[in-house]
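Report on the following structure.
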Amino acid sequence: MPDKPKYYLTTPIYYTNGLPHIGHTYSTIVCDTIRRYKRMRGYDAVMTTGTDEHGVNVERSAKKAGVPESEFVAKMAAEWRALWDELGVQGDEFIRTTDLKHAHTVQWLFKQCRDNGFVYPGHYTGQYCIYDNAYVDVMPGENCPDCGRPTETVTEANFYFKLSAFQKPLLDWYAKHPDFIQPEARRNEVLSFVEGGLRDLSITRTSVRWGIPVPGEEPHVFYVWFDALTAYLSAVGGPQYEKTGFFPADLHLVGKEIIRFHAVYWPAFLMAAGLPLPKQVWAHGWLLMDSAKMSKSLGNVVRPRPIVHVLGMDALRYYLLRETVFGQDGNFSYDALVQRYNSDLANGLGNLASRTTAMIEKNNGGKIPKPATFQPQDTALATKAQEAIGEVLEQYDKLGFSLALEEIWSLIAATDKYLTTEHPWSLGDSEADQQRRATILWTTAEVLRIVTALTHPVLPESTTKVWSLLGQPGQADSVALDGLRWGQLVPGTALGKSQALFPRIEKAEAIERMEAMEKEAQNAPSPVTTPAPASAPGASAAASAAAAQAAPEKIGIEDFAKVEMRVGQIKTAERIVGADKLLKLTVDIGTEIRQICAGIAQFYEPEKLIGRKVAVVVNLAPRKLRGVESNGMIVAASVGPEGRPVLAGFPDEDVEIGARLK
Ligand SMILES: [Zn+2]
């Protein structure tokens, strides 16, 4: 068997000074999706991600946290790694710029550039933005034009990289490789930057201590970009890259704010060292929150963990790839996220999978039925599915995730419609009816199999479940997409065990839970300042961080005392027009009558609630649910996979209204 073609792709090497937000998550999920897709297309695809751990920011943050830099970055790197695991990201190489092999590679690359005459010593005085890790073109005293924060005047001895020598070689390269920079808008931006002339680049520092030393030139250490970009090389063999065969990268996936470093500096470093250049640099847009870029200073950062916790990792992956046209800016909103979850995942894929397999279970003893004669409507659906395969692969190849998913979901909608028209559930027990039903169910299950294989790169967790639910051999990721065709579903195959896929979720409640977790995360101390759990000497930082996560968090009695719960009595209860899950209650809590909304309308008749004594959280900040003010919260247990509410109460003894729960 011939060797599989190799494919190498990278996420940015993320700066460890902070924790991942949804922007980083987006880059990483896109990369993971491409990697999974390429593997299903027969490539030996390898993905590198990692953490950029040097620089003055880390020095300062570590000092603030009162720990050595090495400890600070080890804990941060462990956090990043753990999050990618939770999102199902299969990074092959997680490179840390504090890895020894990385230091060697940076030093080696520097030597190549210097031996070839592209490095010289000099002095530099300029305004430096420590937040962006870059000198910026402003006068002393002026703020950074990129982030608006104060700049510092820095004068120091350093080594320069002769970037100016690469203006023409770079322009020639872009001309010869029109697809090198994507999308078009970014390409134009880079072209005009390079055409405007390139200034030499300072690539070392003497003012910074926490960095990779320049051999024989101490106290010089390498400057952020020369250091960080080289991680793409050190991850796949460093100076011995030819042995692994993965370098140069087929794809560097980056956010648009760092396109210049990847499309100008990085290829120039490689040219100077006589190394091959990457095939493509793709810059995606930003995820905006109410049209503003997310940033810590604006306080509008969204973190992935609360979303994964409430809706599952596939929901986040699906939303990010479906909602935003790749390359353009996208908007993030919790509302749209839950909307997508309910309409596309719970009612779409999840519903198709559960009803199809339930009907096969009921009518065919849990085995894929054997189809009889195909009618034109069956063949029409088959044609649509077969065409979808080609179109989806074409879109994935172009990184057109949104259109690929749109195509798949249009096939799901067509299948739902087909089921409604053919209504196999109303067919009887006659021979003809049984045959017709078998044909319909086989056709539907075959669509489901194809949809599952096509969606796997985006929804790895749930499609793995559907795949085994359909009793298919191996894992969903072992499907060779090039061989995927209509008609491969084998009759007689026994279905696997049924499993919950995407339980429907009440929007207001889901958003509330995610926002509450997000707030909590924002107020939480950084993982580095949290006292580390006791661990055996020599235990790795990653292991101790994992241990810290495994232990459920305990709160002190003083934290619990912050929650004021009292016995209340429901005085009135009514339904809310347009909100079929909410009831509007008035509750006597002893000192006053409160208006409180509760998501219990589907399980409690309003009139039966009057007079009932309930537990009320009375010091919760008032908020609006579906436009109705709610001042407090009724405590209920959440039961079963659907989270059916059961009110907490006091059936055994008569308790006084307003009594505090402790
Ligand atoms: Zn700045």
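Start at 1 and go down the list; that is how both ligands and their atoms are numbered. Nothing fancy with the numbering, it's 1 onward along the sequence.
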Indicate yes or no for a side-chain donor-acceptor contact from Trp286 to the backbone of Asn331 under 3.5 Å, with no hydrogens or angles considered.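 Judged by distance alone, no pair lies under 3.5 Å.
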
Between Glu59 and Arg209, is there a donor-acceptor pair closer than 3.5 Å when you use the side chain of the first and the backbone of the second?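 Yes; judged by distance alone, with no hydrogens or angles, the pair exists.
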
Six-ring centre of Phe193, Arg260 cation under 6.0 angstrom, axis tolerance 45°: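 Because its charged atom sits under 6.0 Å from the ring centre and within 45° of the axis, Arg260 does stack over Phe193.
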
Taking the cut-offs as 6.0 angstrom to the six-membered ring centre and 45 degrees off its axis, would you call Arg149 and Tyr131 a cation-pi pair?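 That pair qualifies as a cation-pi contact.
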
Gln90 side chain to Arg35 side chain, donor-acceptor N/O pair below 3.5 angstrom: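 Note: Gln90 and Arg35 side chains meet the donor-acceptor criterion.
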
For the Zn ion (ligand 1), which protein N/O/S atoms are closer than 2.8 Å?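 Short answer, with waters excluded from the count: Cys129 SG, Asp132 OD2, Cys144 SG, Cys147 SG.
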
Please determine whether salt bridge (Lys or Arg N to Asp or Glu O under 4.0 Å) holds for the pair Arg60 and Glu152, giving the CA-CA distance in whole Å, both sets of side-chain angles, and the decisive distance to 0.1 Å. CA-CA 15 Å; Arg60 289 176 188 185; Glu152 293 174 10; 3.4 Å; yes

